[in-house]
Amino acid sequence: MGIKLYYTTVAGSREVKAQQAEVMRILESKSIKYELIDISVGDEVRKEMRNKSGNPTAIPPQLFNEDQYCGNYQKFSDAVETDTVEQFLKLA
């Protein structure tokens with residue numbers, strides 16, 4: 001599978017929960033298949049997400065195409081606004 005969405009089931013922030021839900025809803029509405037990777041299962045997964053994104057303080061949601069970093073929620077949201085989600089996800 002290509003698109004990977006790093007998220008958490010143990011979000012302390014309503015904003016993070018809402019952002020994650022919105023990303024999933026939009027991906028599903030566009031019939032874009034994705035794999036969920038829950039960073040709350042262990043510290044190693046969170047470190048992996050941060051290393052791959054190049055940001056030591058990155059928080060979910062973070063999007064990747066395989067191991068290629070696409071961006072965070074704000075960049076995804078910007079792509080939705082400009083109707084460039086496929087390009088953002090490196091699918092086009």
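Not measured: the values here are computed from a predicted model.
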Side chains of [X] and [Y], heavy atoms from C-beta outward: is any pair under 4.5 Å?
X: Y7; Y: I39; answer: no
X: S53; Y: F64; answer: yes
X: L63; Y: L27; answer: yes

Next on the checklist: As a quick check of understanding, evaluate side-chain contact (heavy atoms from CB on, under 4.5 Å) for K30 and I26, giving each step before the final call.
Outcome noted: CA-CA 6 Å; K30 294 184 171 290; I26 291 168; 4.2 Å; yes
Checklist entry - For residues 50-59, which residue pairs qualify under salt bridge (charged side-chain N to carboxylate O under 4.0 Å, His left out), counting only residues two or more places apart or in two chains? => result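 Of all non-adjacent pairs touching residues 50-59, those that pass salt bridge (charged side-chain N to carboxylate O under 4.0 Å, His left out) are E48-K52, K52-D67.
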Checklist entry - If two hydrophobic side chains count as joined below 4.5 Å and joins carry through other members, does V80 share a cluster with I32? => result yes
Which donor-acceptor pairs under 3.5 Å do the side chains of residues 85-92 make with protein atoms, sequence neighbours left out?
none

Item to check | Distance in Å, K4 NZ paired with L36 CG, rounded so as to fall on 0.5 Å steps | outcome: 12.5 Å
Checklist entry - Going from CG on L5 to CZ on F76, what distance comes out if it is rounded to the nearest 0.5 angstrom? => result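 Taking CG in L5 and CZ in F76, the distance rounds to 8.5 Å.
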Let me have the donor-acceptor pairs involving side chains of residues 15-24, under 3.5 Å, with sequence neighbours excluded, atom names and distances please.
{"unit_1": "E15", "atom_1": "OE2", "unit_2": "Q19", "atom_2": "NE2", "d": "3.3"}
{"unit_1": "Q20", "atom_1": "OE1", "unit_2": "T8", "atom_2": "N", "d": "2.8"}
{"unit_1": "Q20", "atom_1": "NE2", "unit_2": "T8", "atom_2": "O", "d": "3.0"}
{"unit_1": "E22", "atom_1": "OE1", "unit_2": "Y73", "atom_2": "OH", "d": "2.6"}

Next on the checklist: Using a 3.5 Å distance criterion without hydrogens, assess whether the side chain of D78 forms a donor-acceptor pair with backbone atoms of E81.
Outcome noted: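 No: the side chain of D78 does not pair with the backbone of E81.
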